Undergrad: 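Sharing a structure here in structure tokens format.
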Amino acid sequence: MIWHRLSAKMLAVHPVQEVIRLLPVLIGVLFIGRNGQGQIWSLVGVGIAVLGGVLRWFTTTYQITPTHIRVRRGLLSRREMSVPRDRVRTVDLTARPLQRILGLSSVVIGTGRSDHHDRGLTLDALATPQAARLRQELLRRAPAPEEESAGSELARLVPAWIRFGPFTLSGIATIGVVVGSLANIVNETHLNPDEFGLLNSLIAHLTSAPVAVAVLEITVFAAVTVAVLSSIAYVLAYWHFRLVRKDGTLHVTRGLLTTRSTTIETRRLRGAEISEPLLLRGVGGARCAAITTGLRGRGEHGSAVLLPPAPVAEARRVAGEVLGGTAPTTAELVRHGHRARLRRYTRAFLFAAAVTGILLLLWWLAGWSAWPWQAALALFPLGALLAEDRYRNLGHALLGRKLVFRQGSLLRRRYMLSSDGVIGWVFHRSFFQRRAGLVSVTATTAAGRQHYTSADIPVAEAVRLADEAVPGMLEPFLVRRP
């Protein structure tokens with residue numbers, strides 16, 4: 001079989017990628033050098049980066065056989081990776097801005113392994129039409145007659161959904177990256193922050209203002225910055241989002257500058273998840289993700305996404321389309337009883353009492369100010385509100401062949417799992433759960449997170465639920481009463 005090279009256009013991409021990766025070091029060398037030597041060494045560094053990018057293209061080849069996909073990399077240290085074609089679970093296409101300009105796409109071939117070392121086999125990159133043909137070839141299967149269609153669109157991004165961006169708080173990560181990069185550049189270049197007049201003026205203003213005013217200004221600035229960056233991140237990640245069902249697959253495309261295309265086979269789908277972080281829930285938003293084999297560990301922000309942050313009614317509709325019915329997304333769930341509620345109140349009040357007690361001792365013994373322990377008293381009513389919300393969000397149901405678990409407050413999640421995908425049960429009881437007659441039930445599966453738990457269910461109800469969801473699985477462990 002013939003060994004192929006990546007697209008020759010990557011000779012214009014790999015060197016640029018290497019230079020960008022070494023950019024902080026190059027900037028540091030440029031400023032640190034003396035008598036003009038910094039510029040010389042920076043140019044040398046750029047040359048090395050370009051040479052590394054060119055060698056990366058020359059030393060990378062791949063081969064597609066009827067049974068395997070193989071990739072060879074390296075010059076001095078030669079490495080060959082091989083993936084059996086019958087182990088291929090996903091083929092994702094990604095195109096960064098420069099790749100899009102040149103008509104290229106990176107191909108990531110996933111095997112669905114459950115360990116965290118599996119990052120797939122990457123071909124970076126092929127001509128976009130060639131990458132699309134390769135994906136179709138690797139995921140080829142004969143569609144059932146009822147599946148043959150031109151494809152139906154299940155969801156498309158509505159620009160008004162951008163209003164949910166600020167409530168995802170993804171801008172916090174962006175701020176961390178920017179601050180870290182700036183600190184690294186300042187450290188590498190030995191810049192003196194005192195030389196920046198704007199920064200000095202800002203610090204002087206904050207130090208001269210009353211503490212309450214300074215805290216308020218910093219809080220408002222941080223909130224606005226996070227909101228703006230979160231909205232920008234939302235647009236970059238989900239612009240042009242489409243979810244299409246065609247020939248037994250769910251096809252997801254999204255991205256503004258960097259485009260991503262993912263195919264999820266419906267025969268590997270085991271359910272769906274609706275997640276509602278507290279801030280997003282407060283404005284009526286939710287996310288929807290697939291529970292499917294072959295995408296474990298990619299989470300709601302990765303390839304398993306079925307819908308970006310959107311109105312909760314839209315998330316339920318999309319989940320219903322994927323599951324074949326909306327009942328699991330809207331049905332009332334079975335509550336876990338007053339003992340489950342008591343456990344949540346007990347933990348909330350114990351935490352509040354511990355914090356207040358420690359601050360009270362520090363005031364009494366160490367002469368601390370009284371306001372910290374007095375402010376800590378607010379933890380009791382706040383804890384009660386959180387405990388009640390956590391209890392109200394706790395529930396389960398078995399609707400036909402769909403097992404539904406819901407839990408969480410700061411992050412409420414509703415798991416809708418096909419009972420046909422359950423391969424085992426785990427019953428866990430702590431000392432306090434045993435005294436309360438409760439048990440946590442975990443359904444194990446080969447899909448998604450691989451384990452989905454419903455906490456603090458009464459023992460008899462937990463056994464009945466598991467037995468009815470997967471008849472016969474618990475039979476060897478049950479004692480039937482006459």
Side-chain angles (χ1 to χ4, degrees), residues 114 116 273 275-278 291 296 332-362 373 376-398 403-417 419 421-446 448-481:
S114 60
H116 66 279
E273 170 189 335
S275 59
E276 303 169 80
L278 185 61
I291 299 176
R296 178 180 181 265
E332 288 294 326
L333 305 182
V334 177
R335 294 287 177 83
H336 292 186
H338 71 279
R339 293 182 178 178
R341 171 185 270 148
L342 181 62
R343 274 176 55 80
R344 275 140 189 80
Y345 274 90
T346 300
R347 281 184 285 188
F349 288 155
L350 284 176
F351 175 78
V355 173
T356 305
I358 292 173
L359 294 175
L360 187 61
L361 285 175
L362 290 172
W373 72 263
L377 294 174
L379 292 176
F380 287 93
L382 291 176
L385 291 174
L386 182 62
E388 183 63 24
D389 188 58
R390 291 185 64 210
Y391 171 72
R392 290 180 180 274
N393 293 332
L394 190 65
H396 67 274
L398 180 62
L403 187 64
V404 182
F405 291 159
R406 188 181 69 185
Q407 61 185 9
S409 181
L410 299 179
L411 176 55
R412 182 170 70 183
R413 285 192 170 105
R414 187 182 186 109
Y415 303 117
M416 297 154 287
L417 182 66
S419 56
V422 177
I423 59 177
W425 295 98
V426 177
F427 294 82
H428 173 76
R429 303 179 73 189
S430 67
F431 171 78
F432 296 104
Q433 283 179 312
R434 291 197 299 270
R435 293 183 62 85
L438 303 173
V439 64
S440 294
V441 180
T442 299
T444 61
T445 177
R449 304 173 187 274
Q450 298 194 326
H451 53 84
Y452 295 88
T453 300
S454 185
D456 293 340
I457 304 179
V459 175
E461 172 65 15
V463 174
R464 182 199 64 79
L465 176 69
D467 189 41
E468 291 183 3
V470 188
M473 183 175 289
L474 295 183
E475 193 64 34
F477 309 99
L478 296 179
V479 177
R480 306 287 185 180
R481 294 181 180 179

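Note that the structure is predicted; figures quoted are calculated from it, not measured.
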Undergrad: With heavy-atom distances below 4.5 Å as the criterion, would you say the side chains of Phe351 and Leu386 are in contact?
TA: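 No, every pair of side-chain atoms sits at 4.5 Å or beyond.
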Undergrad: Restricting to non-hydrogen atoms, name the atom on Ala397 and the atom on Leu333 that form the minimum distance, rounded to 0.1 Å.
TA: CB-CD2, 3.7 Å
Undergrad: Which heavy-atom pair separates Ala469 from Trp425 by the least distance, and what is that distance?
TA: CB-CZ2, 3.9 Å
Undergrad: Would you indicate whether the side-chain heavy atoms of Asp456 and Arg344 approach each other to under 4.5 Å?
TA: yes
Undergrad: List in chain and number order the residues that pass side chain to side chain donor-acceptor pair (under 3.5 Å) with Glu468, two or more places apart in sequence or in another chain; answer none if no residue qualifies.
TA: Arg464
Undergrad: For the pair Arg406 (side chain) and Arg392 (backbone), establish whether a donor and an acceptor sit closer than 3.5 Å, ignoring hydrogens and angles.
TA: yes
Undergrad: Find out whether Leu379 and Val355 are in side-chain contact, i.e. whether some heavy atom of one side chain is under 4.5 Å from a heavy atom of the other.
TA: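 Yes, side chains in contact.
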Undergrad: Donor-acceptor pair, Arg429 side chain versus Leu438 backbone, under 3.5 Å?
TA: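 Looks like yes, one N/O pair under 3.5 Å.
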Undergrad: Is the Tyr415 to Tyr452 ring centre distance short of 6.0 Å?
TA: yes
Undergrad: Minimum heavy-atom separation for Ala387 and Ala348, please, with both atom names.
TA: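 What the structure gives for the nearest pair is CB-CB, 4.2 Å.
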Undergrad: Does CZ belonging to Arg335 count more than 12 external heavy atoms closer than 6.0 Å?
TA: yes
Undergrad: Applying side chain to side chain contact (heavy atoms under 4.5 Å, CB included) between Glu273 and each of Arg449, Arg414, Met416, report the one that passes.
TA: Arg449
Undergrad: Rounded to the nearest 0.5 Å, what separation is found between the CD1 atom of Ile457 and the CZ atom of Phe427?
TA: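 Between Ile457 CD1 and Phe427 CZ, I get 8.5 Å after rounding to 0.5 Å.
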Undergrad: What I'd like to find out is whether the side chain of Val422 reaches to under 4.5 Å of the side chain of Thr445, using heavy atoms alone.
TA: no
Undergrad: Among residues at least two apart in sequence or on other chains, which ones pass side chain to side chain donor-acceptor pair (under 3.5 Å) with Thr442?
TA: Thr453
Undergrad: Verify side-chain contact (heavy atoms from CB on, under 4.5 Å) between His336 and Arg341, making sure each step is shown before the conclusion.
TA: CA-CA 8 Å; His336 292 186; Arg341 171 185 270 148; over 6 Å; no
Undergrad: For the residue pair Arg413 and Ser275, what are the closest heavy atoms and their distance?
TA: CG-CB, 4.0 Å
Undergrad: Look up atom NE2 in His451 and atom OG1 in Thr444, then write down how far apart they are to the nearest 0.5 Å.
TA: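 If we round to the nearest 0.5 Å, His451:NE2 and Thr444:OG1 are 10.0 Å apart.
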Undergrad: Side chains of Gln407 and Arg390: closer than 4.5 Å at any heavy-atom pair?
TA: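 In short, these two side chains do not touch, never coming nearer than 4.5 Å.
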Undergrad: Is Gln433 reaching over with its side chain to a backbone N or O of Ser430, donor-acceptor style, under 3.5 angstrom?
TA: yes
Undergrad: Sequence neighbours left out, what passes side chain to side chain donor-acceptor pair (under 3.5 Å) with Arg412? Give chain and number order.
TA: Glu276, Asn393
Undergrad: Kindly compute the distance separating OG1 (Thr356) from CG (Leu360), expressed to the nearest 0.5 Å.
TA: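 Going from the OG1 atom of Thr356 to the CG atom of Leu360 covers 8.5 Å.
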Undergrad: Please evaluate residues Leu403 and Leu465 with respect to the criterion side-chain contact (heavy atoms from CB on, under 4.5 Å), reporting the C-alpha separation (whole Å), side-chain torsions for both, the decisive distance (0.1 Å), and the verdict.
TA: CA-CA 9 Å; Leu403 187 64; Leu465 176 69; 3.8 Å; yes
Undergrad: Could you check whether atom CZ of Phe432 has more than 12 heavy atoms from other residues, nucleotides or ligands sitting under 6.0 Å from it?
TA: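 No.
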Undergrad: Main chain of Asp389, side chain of Ser409: is a donor-acceptor contact present, judged purely on distance under 3.5 Å?
TA: no
Undergrad: Do Ile358 and Leu362 have side-chain heavy atoms sitting under 4.5 Å apart?
TA: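 The answer is yes; the side chains approach within 4.5 Å.
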